[in-house]
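Chain naming here is simple, since letters A, B, ... match the order of the sequence lines and numbering starts at 1 in each. Values below: every heavy atom of this structure, side chains too, minus hydrogens, waters and symmetry copies.
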Protein chains: 2
Amino acid sequence: MKTAVSLQNLPSRIPNRRSRVRKPRRSRRSSVQLDRVVARLPSIVGGGSVLTDRAELVCYSYDASCYSRLPDVVVFPNSSEEISKIVRLANRERVPVTPRGAGTSLSGGPVPARGGIVVVLARMNRILDLDEDNLTVTCEVGLTLRDLNRSLARKLLHFPIDPGSSEAATLGGMIGENASGMHSPRFGKTKDRVLSLEVVLPNGDIIHVGSKCFKSASGYNLKELFIGSEGTLGIVTKATLRLSPLPDNYTVISASFKTTVAAGRAISRVVKRGLPVSALEFMDRPSIEVVKAFTGLPLPQAAAMVLIECTGPEGEVQNHLADAAEILREEGAFELRISSDRGEADRLWHARKVTYGAISRIRPTAIQADPVVPVSKLPDYLARLDLIAQKYALKIVSYGHAADGNLHPTVLIDEGNPEEMRYARMALAEIYQSALELGGTLTGEHGVGVEKSDYFNLEWPSNVVSVMREIKAVLDPNNIMNPRKWI
Amino acid sequence: MKTAVSLQNLPSRIPNRRSRVRKPRRSRRSSVQLDRVVARLPSIVGGGSVLTDRAELVCYSYDASCYSRLPDVVVFPNSSEEISKIVRLANRERVPVTPRGAGTSLSGGPVPARGGIVVVLARMNRILDLDEDNLTVTCEVGLTLRDLNRSLARKLLHFPIDPGSSEAATLGGMIGENASGMHSPRFGKTKDRVLSLEVVLPNGDIIHVGSKCFKSASGYNLKELFIGSEGTLGIVTKATLRLSPLPDNYTVISASFKTTVAAGRAISRVVKRGLPVSALEFMDRPSIEVVKAFTGLPLPQAAAMVLIECTGPEGEVQNHLADAAEILREEGAFELRISSDRGEADRLWHARKVTYGAISRIRPTAIQADPVVPVSKLPDYLARLDLIAQKYALKIVSYGHAADGNLHPTVLIDEGNPEEMRYARMALAEIYQSALELGGTLTGEHGVGVEKSDYFNLEWPSNVVSVMREIKAVLDPNNIMNPRKWI
């Protein structure tokens, strides 16, 4: 099974290249300061809502990535006002604060890399206002996506962003990492569906940004500054989200290819044609084999599989899938199957959804990357991934959200084997470097967290990192919010 | 015809309510400093690219709003590097810099409210890279939307954001104001279609934010901080935009209503149903009458008209319009017409597009507002607009992008009549105040500019304005970028 890597193995901080920025002050926390914070927390949240026992702290030391570090104390606030008091106290005492949802992050985002306080939002999980006329919902962000969607299903509505962790992820985590998932071609990313936020700033101020409106050009877009900021600028506590009616019908076409590159070409052409697909996923041979063994589903023998979903009335869906099928065939798809009913479509999506879980069983350690390339570069990128795997004699399994050019190359190793571990690090660096060389970005939906901190300045030149640091410094001058990450 | 209001009549600055922010320093510009700047500009851009003659300056003193102020000098740079030098010089000498596209802004955004340098981007209008495989284009932002779309049409592509000023607006202006228009239900706002930006910061640094990818969770979303910032944080010089294939077919349904409130209810229900409309527009009786007189089109006798466009294959469009028609009828539409051919659809859209121009002819001065309300509040808001018009005995014409809850109530007055002018100000304040009371926002697509500066702190409480000011202050500590606006 997966093993956690302690913080000794964390990538080092981003080198501070010719920075012209006022650098956030390093926390000069003494144990006296920490003790004062720990002593006062029960008066804010109540005695039963503060954990300091080592065995309990362990549960809040890791996420779904390989990184972990013990917090000094864990609190479970019940309201934004309590969070405001916690943060104000921490800011005065220079104690780090790391917000935490369900801990499903794959980048080490909620790992308290400098210890301090972990603020778990689990108890702040109420739906505050469901506005069916406006198709919006306002909730506390400790709510899980699953619980939200179960409530909404009764009204034939849903919040349509579906990360792989949709069964467990909280809305706060999704907002922190700008999560997306399989259905982003139709429904967008988290940022596209968040209308407004309540945020507790490091100074304790509670601010509201955005509005319930579907558009605005009023002032700086602070809302999108907080989305994807991984808890480094403040703690998001409430959100108003834009909903969609549940789709009444969806059909999935699956196509098999003899090479990953041919599949990449087909994907690029489907996107170029502008077909209104609701999902467009890619799986390479190892992913197919693993999922087949894991689920028993009759998946094809192929070097790659492309799955395309269309949503809408029966006739429309058939038309769009016929257009897609034509392209797929022209690019060499040798087996095309259109799911005949919803059950079959659901089984195919289940297969795709369990891919990471299934892959994680092959070797003791699975390190999942999250690069994105311009979709036209997918064939090139898939070819490069093959070369990287060969070069380091590593098993690298690739699958992902192809319509966005977002793949999850996953390096499978045994962490107990230092040589494999060293090669894995080198392979990951090349996986990211290659994406950037093709005009890509480090992360599509997992965030930078701890995992990609070392690569951050490969993507962003020092003058961009400077601007990010200046913004961090004005909002969080004592650098208490989720410190020792990429910023 | 429309008269310009000089800056004496500008709204005063937003009161600086219990601000805890480092306020950007006021420019303490002397004429010596300005003279030095004017003397050096020709060495940066060439002598023929600098205007100081008063008659010429007048052309760059106003936009499509009522505000104007003479700049001290106008420059026409040819490259980002020249802009960098201009801005660095201006920053050293504390001379204001206001970027300008085509001057089609309706909020006073590009009016140089403190004089100084107006930087006109008209010469930076090259298409640098059209990537048909990735459906993206990279261009200099002095390019007009019309010229871009003419080039793209040859490839059956378009940049689908269509503000009312689509014949003249530049991409830079659209980015500065986060413009949108009639087709945002399908294609989104400018921010949804901008993948990356090149920006010259006030210190002269040229930075690149975003990437060519369709998604990213890498670092703070600086791109969206610059979009809609109205040139107050830097000068956007290049952009990579996400394109769409030209739609092959579109049909428009028009429905007439006996009351604006019934029309509002119908709109809200169409949105709630989640129908995939590509546009959903509203016109009240005065707009219909004016456009009828202006264009000679056979528009209905009605209190309100709703126009809905669907795009896609023939069969699909008919199905969606049938669904929409059912709702419209249930809410009391008494005349439904489906455009039988593209020509008829185009004529209907032409009618809607010329509304502002036609209305401007009725009275000497037309002040167009841009409020947004949650779409479910449209019926309430339309009722309030009627009351405001009655209260001040003013003609207020309303029309707009109803699917987004974005209306353009336009107050028609004679500016020479001081009483009317006073009432108009009071009515505008109520128009915005009412939108905010219903959970709305001041501006959907025009920006705050000069026009809405006075109302800005009605929308945003002081702790949010503080954060915006802090961000402005770190990027533009000398407050040279488009000063004396809302920030």
Trainee: Need one label for B:Asp192: side chain, backbone, both or neither, based on atoms under 4.5 Å from any heavy atom in chain A.
Mentor: side chain
Trainee: Considering only heavy atoms, which portion of B:Arg273 lies under 4.5 Å from any heavy atom of chain A: side chain, backbone, both, or neither?
Mentor: backbone
Trainee: Do B:His320 and A:Glu316 come close enough that some side-chain heavy atom pair is under 4.5 Å?
Mentor: yes
Trainee: Among A:Gly439, A:Gly405, A:Gly188, single out the residue with the greatest number of heavy-atom pairs under 4.5 Å to chain B.
Mentor: A:Gly439
Trainee: Side chain, backbone, both or neither: which part of B:Ala179 has a non-hydrogen atom closer than 4.5 Å to chain A?
Mentor: neither
Trainee: Would you mind checking which part of B:Val375 comes under 4.5 Å of any heavy atom in chain A, side chain (CB onward), backbone (N, CA, C, O), both or neither?
Mentor: both
Trainee: Given the options B:Val209, B:Leu157, B:Leu156, B:Leu135, which has more heavy-atom pairs under 4.5 Å with chain A than any of the others?
Mentor: B:Leu135
Trainee: Distance from B:Leu442 atom CG to A:Ser211 atom OG, nearest 0.5 Å?
Mentor: 10.0 Å
Trainee: Go through the atoms of B:His208 and report whether side chain, backbone, both or neither lie under 4.5 Å from a heavy atom of chain A.
Mentor: backbone
Trainee: Do the non-hydrogen side-chain atoms of A:Ile471 and B:Leu222 ever get within less than 4.5 Å of each other?
Mentor: yes
Trainee: Would you give the length of the straight line joining atom OG of B:Ser462 to atom CD1 of A:Ile207, rounded to the nearest 0.5 angstrom?
Mentor: 11.0 Å
Trainee: Give, as side chain, backbone, both or neither, the part of B:Pro245 having an atom under 4.5 angstrom from any heavy atom of chain A.
Mentor: side chain
Trainee: Counting heavy-atom pairs under 4.5 Å to chain B, which of A:Thr441, A:Asn178, A:Asp370 comes out on top?
Mentor: A:Thr441
Trainee: Counting the benzene-type ring for Trp, do A:Trp460 and B:Tyr220 have ring centres under 6.0 Å apart?
Mentor: no
Trainee: Let me know if B:Ser218 has heavy atoms under 4.5 Å from chain A in its side chain, its backbone, both or neither.
Mentor: both
Trainee: Given the options A:Ser196, A:Gly228, A:Gly210, A:Pro276, which has more heavy-atom pairs under 4.5 Å with chain B than any of the others?
Mentor: A:Gly210
Trainee: Does a donor on one side chain sit under 3.5 Å from an acceptor on the other, for A:Ser180 and B:Lys215?
Mentor: yes
Trainee: Drop me the distance from A:Asn406's CG to B:Ser216's OG, to the nearest 0.5 angstrom.
Mentor: 9.5 Å
Trainee: With side chains defined as the heavy atoms from C-beta onward, is the minimum distance between A:Asn221 and B:Leu225 less than 4.5 Å?
Mentor: no
Trainee: Calculate, to the nearest 0.5 Å, the distance between atoms CG and CG belonging to B:Asn463 and A:Leu201 respectively.
Mentor: 7.5 Å
Trainee: Who are the side chain to side chain contact (heavy atoms under 4.5 Å, CB included) partners of A:Glu177, not counting sequence neighbours?
Mentor: A:Ser105, A:Ser107, A:Glu230
Trainee: Under a 4.5 Å cutoff for heavy-atom pairs, which residue among A:Ser244, A:Pro371, A:Gly444 has the most contacts with chain B?
Mentor: A:Gly444
Trainee: In plain terms, say whether A:Lys191 and B:Glu224 are close enough for a salt bridge, that is, a side-chain N and a carboxylate O under 4.0 Å apart.
Mentor: yes
Trainee: Any sub-3.5 Å donor-acceptor pair from A:Lys189's side-chain atoms to B:Phe214's backbone N or O?
Mentor: yes
Trainee: Which residues pass the side chain to side chain contact (heavy atoms under 4.5 Å, CB included) test with A:Asp131, sequence neighbours left out?
Mentor: A:Asp129, A:Asp133, A:Asn134, A:Thr136, A:Lys212, B:Ser376
Trainee: Do you know which of B:Gly274, B:Cys213, B:Ser184 has the most heavy-atom pairs under 4.5 Å to chain A?
Mentor: B:Cys213
Trainee: Does any heavy atom of chain A fall under 4.5 Å from the side chain of B:Leu243, the backbone, both, or neither of them?
Mentor: neither
